[in-house]
Protein chains: 2
Amino acid sequence: MNSQAVEDYLKAIYKLQSSQSMVVTSALADHLKVNPASATGMIKKLADSNLVSYERYQGVKLTPPGEKIALEVIRHHRLIELYLAEALNVPWDQVHDEAEKWEHILSEDLEDRIDKILGYPTTDPHGAPIPSRDGNIEQRNTNLLSELTQGDNAIIVEVSDDDTDMLRYLGKLELYPQTNIQIISISPFDQLITIRIIPNKDSNNDFVIGQKVASSILVSKLEED
Amino acid sequence: MNSQAVEDYLKAIYKLQSSQSMVVTSALADHLKVNPASATGMIKKLADSNLVSYERYQGVKLTPPGEKIALEVIRHHRLIELYLAEALNVPWDQVHDEAEKWEHILSEDLEDRIDKILGYPTTDPHGAPIPSRDGNIEQRNTNLLSELTQGDNAIIVEVSDDDTDMLRYLGKLELYPQTNIQIISISPFDQLITIRIIPNKDSNNDFVIGQKVASSILVSKLEED
DNA sequence: ACTAAACTTTAGGCGCACCTAAATTTTAGT
DNA sequence: ACTAAAATTTAGGTGCGCCTAAAGTTTAGT
Ligand SMILES: [Mn+2]
Ligand SMILES: [Mn+2]
Ligand SMILES: [Mn+2]
Ligand SMILES: [Mn+2]
């Protein structure tokens, strides 16, 4: 069995691979809040087990077996998050921490039972896709909300799930996955974004977010009509 | 935070204390499937933290703080077992292993949510009492089924929860907690016990169990009428 | 009371996953 | 091309929880 540490490293590498194609030691160490020297140690272990390919001083990449394990753990994580939210009414800003622990001990049998009870869901409470049992994950074409320009219409696809305070804030603004939004304006210098949630007809409920918040939201652009 | 190992030791000591008032190193080592030398090492650690009182060569006893932690973990274990059985249809012979892992990472918040959804239950699927949040546990007056004599009527209170095969067997015999039984006869030499489940009126469905099975069942004697 | 068996503890080690400090390699600026 | 800064790896060490082997203590039988 893979240790919790191994699973967390593989998961982190998977996540970081979406931005950098080769994950660099310091990025991994930052993400996992360990010392770079510790990350190097684990990287060597993972490379020995053929879970990552590793070039000294250059960084790591998941091998197919490493990616398989990462996706398995991510599937656990997201199914658990959704289950906690749906079945146990855990608020969406708290499901992540609970899932972070439970994901490592969930049995395949219980995974299947949860999957079934949820009706074989495809996304978690933050909009992230749930990998299938055999390790496939939906690839989507998304933009950061911070990349949109004035007048754009978009639907929120996913929000980052690991910052409790951010999630609570987004909840207060009602910026959930599946919400339709329009970019009313973007201010000069600070790039403050004025947003309207789309059923709203006038500017009464428009609000402003900054770049930090806007770059934690993934959207899919809608065609103008 | 207490490690999983510490929690498992305290739980084991609690369980063993019900039979021996001072828990001896080898009993603990047997129960936890570790080497006696390892148990000694952990015992010294627990004694240093004031979770057990320890006399060299004589054995250990839980202190009040140690018992509090043990009951907390047992509460987790039993709530989880019941939740898995009720909400996720996990068979009663499989809930134990899942709970054994989950009990150590369950948050107090999720514990409360599960407790509430189950309607503040008092016993787990095997009939064992669930300690209250503040660490009280119901004391019951029970006998082993193996201690009963011919003609006795009794109600099954609890069955031991940690042997999957035994539980599957008991399930097949329909010997669940709350089942009323009568001791029809006990054979000489082997002490084989012929049992009738009480709604049954004649001997058609009587069956025989041996001492191993009979001593894994806790009962409460019923007065004759 | 003595002794042998049974039990328990001590001594010494191991693997895991982390750390700090020092050495090495890469990188980026001039 | 050279050098200083940044990143990475190596070296050496820690705590945890386990192990085996050896030494010490209790126990039970004679
Ligand atoms: Mn994790
Ligand atoms: Mn999520
Ligand atoms: Mn356990
Ligand atoms: Mn139980």
Side-chain angles (χ1 to χ4, degrees), chain A residues 1-17 19-62 66 69-70 73 100-101 103-105, chain B residues 1-17 19-62 66 69-70 73 100-101 103-105:
Chain A
M1 207 54 269
N2 299 304
S3 70
Q4 164 153 166
V6 165
E7 292 183 352
D8 281 340
Y9 272 87
L10 294 174
K11 202 159 58 111
I13 295 167
Y14 181 90
K15 185 167 191 183
L16 294 169
Q17 265 184 2
S19 26
Q20 325 155 253
S21 84
M22 184 139 272
V23 178
V24 100
T25 304
S26 56
L28 195 50
D30 279 2
H31 191 85
L32 292 166
K33 296 182 173 122
V34 297
N35 191 286
S38 307
T40 299
M42 179 59 92
I43 284 169
K44 285 161 96 176
K45 219 188 96 171
L46 297 175
D48 286 347
S49 315
N50 195 36
L51 298 174
V52 300
S53 60
Y54 170 47
E55 245 182 306
R56 256 163 110 257
Y57 290 100
Q58 302 308 310
V60 287
K61 238 200 280 251
L62 292 177
I69 295 170
V73 179
E100 198 63 36
K101 299 175 291 174
E103 63 189 3
H104 305 291
I105 58 165
Chain B
M1 206 54 269
N2 299 303
S3 69
Q4 163 154 165
V6 165
E7 292 184 350
D8 281 339
Y9 272 87
L10 294 175
K11 202 160 57 113
I13 295 166
Y14 181 89
K15 184 167 190 183
L16 293 168
Q17 265 184 3
S19 26
Q20 325 154 250
S21 85
M22 183 139 271
V23 177
V24 99
T25 304
S26 56
L28 196 50
D30 279 1
H31 190 84
L32 292 166
K33 295 183 174 122
V34 296
N35 191 284
S38 306
T40 299
M42 179 59 91
I43 283 168
K44 285 161 95 176
K45 219 188 95 170
L46 297 175
D48 286 348
S49 314
N50 195 34
L51 299 174
V52 300
S53 60
Y54 171 47
E55 245 183 304
R56 252 165 112 257
Y57 290 99
Q58 301 308 308
V60 287
K61 239 200 282 250
L62 292 176
I69 294 171
V73 179
E100 199 62 38
K101 299 176 291 176
E103 63 189 3
H104 305 290
I105 58 164

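Just so we're clear, the structure is a prediction, and the values are computed from it rather than from any experiment. Letters go in sequence order (proteins before strands), and every chain restarts at 1.
Of the candidates D:dT26, D:dT9, D:dC19, the closest approach to any side-chain atom of A:Y57 belongs to D:dT9. Here C:dT9 is the nucleotide among D:dT8, D:dT10, C:dT9 with the atom lying nearest to any side-chain atom of B:P36. The A:R56 side chain lies nearest to D:dT10 when the options are D:dT10, D:dG17, D:dT20.
DNA chain C is contacted by both A:A37 and A:Q4; A:Q4 maps to the nucleotide lying nearer its 5′ end (nearest heavy atom per residue). Residues A:V6 and A:Q58 both approach DNA chain C. Their nearest nucleotides, taken by heavy-atom distance, put A:V6 toward the 5′ side.
Look at A:T25 and you won't find any side-chain N or O under 4.0 angstrom from OP1 or OP2 of D:dA7. Between A:K44 and D:dT9, a side-chain N or O to OP1/OP2 separation shorter than 4.0 Å is absent. Taking side-chain N and O atoms only, A:K33 has no distance below 4.0 Å to OP1 or OP2 of C:dC18. OP1 or OP2 of D:dC19 sits under 4.0 Å from a side-chain N or O of B:S38. Of the side-chain N and O atoms in A:Y9, one or more sit less than 4.0 angstrom from OP1 or OP2 of C:dC18.
Looking at heavy-atom distances under 4.0 Å, A:T40 makes contact with a base. A:S26 comes within contact range of the sugar-phosphate backbone alone, with a heavy-atom separation under 4.0 Å but no base atom that close. Heavy atoms of A:A5 sit under 4.0 angstrom from primed sugar atoms or phosphate atoms, though from no base atom.
With B:L10 as reference, B:L46 is the one residue of B:L46, B:V73, B:N2 to meet the side-chain contact (heavy atoms from CB on, under 4.5 Å) rule.
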